[in-house]
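Report on the following structure.
Note that the structure is predicted; figures quoted are calculated from it, not measured. Residues: numbered from 1 along the sequence shown.
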Amino acid sequence: MVRPFIAAVERAGKDTVPLLARIGLADANLDDPDRFIPGQAWYDLANTAARRCSDPHLGFTIGSEEALDSLPNLQILRLPHATLGELLNALVIDARRITTLATYQIVNDGVTARLVTQRNFTPARPPAQVDGYFAGFMLRILRQCTGPLWDPEEPAVSLADPEAIPLNDRPGHVALDTVLSGPQFAFPAVWLLQRTDGGVGQRLHAIPKENSAFISGLRTLLERHLDQPGLTLERLAELTGLSASRMKRTLAEHGTTYAQQRDELRSIRAKKLLLTTRDDIRTIGSAVGYPDPPGFVRAFTRWTGQTPGHWRRQHSLKSSE
């Protein structure tokens, strides 16, 4: 992991010799697998590299661009066919061979899965860039595996410095790891079944007939409240009489999430209003729970890859042809 940080410093036109000398390395032995780097020295090197590059998100960028098949503990997998669960298990099982700095554990209660890191020592200084690297890597493989199921509001991340994740890439929940025990990642357990090519590695069991109308009933209820900005899972659970945990679990059994269903309906309504009315962005945004125009533009762009104005112009032209 040292090499890409050093390469970034070199690209920035900075001298890497003093940086490597601090930890007893030189470029010639940088890739020597038998060289031992103390944990704090490695953390400090990554932080210093980010400062030299004037890039507070350097670790995240490197982690998010890491090629999966370049990692030694994943080379035993047929990556295009491996599920997220298999990939994470390979990381955990082989971690002891790769590093002595931390141990890893996967915890899965059937609703939420967690990848938990436990450092074997307490860092003297926050390892912001190393945690950022791990966050970039993990969010990248979560996006890659979940494909159309990806929902940025679902993952919860805890790390040494939340600012190490660029604002536009931050998931729905980011917390500060105050005791520096190690980064943690939580996400819907159903994602573990998704393959690295975005497909499904294993189908969930058939949904009981008595629950077959659950999604349709949920969507009908959502339709009635789409204009409410605070339309959270907890709020909808109150309206249905179910607990939030029960609703989340049932949605997971259907292979979906609350945010995915809500945003899909908001996207459908917004597109319909853009195409069939002359309403301005503020009015349409309010109709789908975004009274603040910039917030609506960001959400619509996340749903469709286009701003509302661009989408309206493009589809108005198509309908007039």
Side-chain angles (χ1 to χ4, degrees), residues 1 5 43 46-47 49-51 53 55-66 84 87-88 91-92 101-102 104-109 111-119 122-123 125-146 149-192 194 229-235 244-245 248 252 257-260 262-263 289-290 292 294-295 297-299 301-303:
M1 288 172 59
F5 283 87
Y43 294 162
N47 287 343
R51 289 194 296 271
C53 296
D55 183 358
H57 308 129
L58 179 64
F60 183 91
T61 300
I62 292 173
S64 63
E65 295 175 351
E66 188 77 82
L84 175 62
L87 189 152
L88 295 182
L91 285 172
V92 169
L101 298 183
Y104 304 87
Q105 180 182 14
I106 298 173
V107 180
N108 177 11
D109 64 8
V111 176
T112 301
R114 293 178 177 83
L115 179 63
V116 180
T117 308
Q118 181 60 57
R119 287 193 173 95
T122 301
R125 291 166 292 281
Q129 296 304 315
V130 171
D131 279 14
Y133 171 94
F134 199 10
F137 173 74
M138 278 296 298
L139 292 174
R140 177 266 181 92
I141 62 173
L142 287 175
R143 284 194 300 267
Q144 181 173 330
C145 289
T146 54
L149 279 182
W150 169 249
D151 180 353
E153 294 186 19
E154 286 290 344
V157 180
S158 171
L159 70 170
D161 182 3
E163 298 299 320
I165 303 179
L167 185 60
N168 291 339
D169 292 296
R170 284 180 199 168
H173 310 278
V174 181
L176 175 66
D177 173 18
T178 56
V179 296
L180 305 181
S181 60
Q184 299 190 27
F185 304 86
F187 49 89
V190 69
W191 287 5
L192 292 170
Q194 296 296 122
L231 191 55
T232 62
L233 173 65
E234 289 72 19
R235 171 58 182 151
S245 59
K248 188 174 184 178
T257 66
Y258 168 73
Q260 183 181 4
R262 181 198 60 201
D263 288 352
Y290 288 93
D292 175 48
V297 171
R298 287 193 298 272
T301 303
R302 188 177 75 245
W303 301 333

Taking every non-hydrogen atom, the tightest pair across [X] and [Y]:
X      : Y      : answer
Cys145 : Gln194 : O-CB, 3.0 Å
His57  : Ala164 : CD2-O, 3.5 Å
Val116 : Val107 : CG2-CG2, 4.3 Å
Asp109 : Thr112 : OD1-N, 2.8 Å
Pro152 : Arg302 : CG-CD, 3.7 Å
Leu58  : Gln129 : N-OE1, 3.5 Å

Just verifying a value: how many Å separate [X] [atom1] and [Y] [atom2], rounded to the nearest 0.5 Å?
X      : Y      : atom1 : atom2 : value
Leu159 : Phe134 : CG    : CZ    : 11.0 Å
Tyr258 : Glu154 : OH    : CD    : 11.0 Å
Leu88  : Leu115 : CG    : CG    : 6.0 Å

Side-chain contact test, heavy atoms from C-beta onward, threshold under 4.5 Å: evaluate it for [X] versus [Y] and give yes or no.
X      : Y      : value
Leu180 : Pro127 : yes
Phe187 : Thr146 : no
Val174 : Pro171 : yes
Leu91  : Tyr104 : no
Leu87  : Ile141 : yes
Pro166 : Asn168 : no
Pro183 : Met138 : no

Is the backbone of [Y] close enough, under 3.5 Å, to the side chain of [X] for a donor and an acceptor to pair up by distance?
X      : Y      : value
Asp131 : Ala160 : yes
Asp177 : Pro126 : no
Arg235 : Gly230 : no

- [ ] Evaluate the criterion side-chain contact (heavy atoms from CB on, under 4.5 Å) for residue pair Thr257 and Leu233; output intermediate values, then yes/no.
- [x] CA-CA 10 Å; Thr257 66; Leu233 173 65; over 6 Å; no
Task: Partners meeting side-chain contact (heavy atoms from CB on, under 4.5 Å) with Ser245 (sequence neighbours left out) - done: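 Per chain and number, Ser245 pairs via side-chain contact (heavy atoms from CB on, under 4.5 Å) with Ser243.
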Open item on the list: I'd like to check the side-chain contact (heavy atoms from CB on, under 4.5 Å) partners of Glu234; sequence neighbours left out, ordered by chain and number.
Closed with: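 Glu234 satisfies side-chain contact (heavy atoms from CB on, under 4.5 Å) with Thr232, Ala244 only.
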Open item on the list: Going by side-chain hydrogen bond (donor to acceptor under 3.5 Å, both in side chains), name the residues that satisfy it together with Arg170, two or more places apart in sequence or in a different chain.
Closed with: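 Result, side-chain hydrogen bond (donor to acceptor under 3.5 Å, both in side chains) vs Arg170: Glu163.
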- [ ] Name the orientation class of the two ring planes belonging to Phe5 and Tyr133 (parallel below 30°, tilted from 30 to 60°, perpendicular beyond 60°).
- [x]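 Phe5 vs Tyr133 ring planes: tilted.
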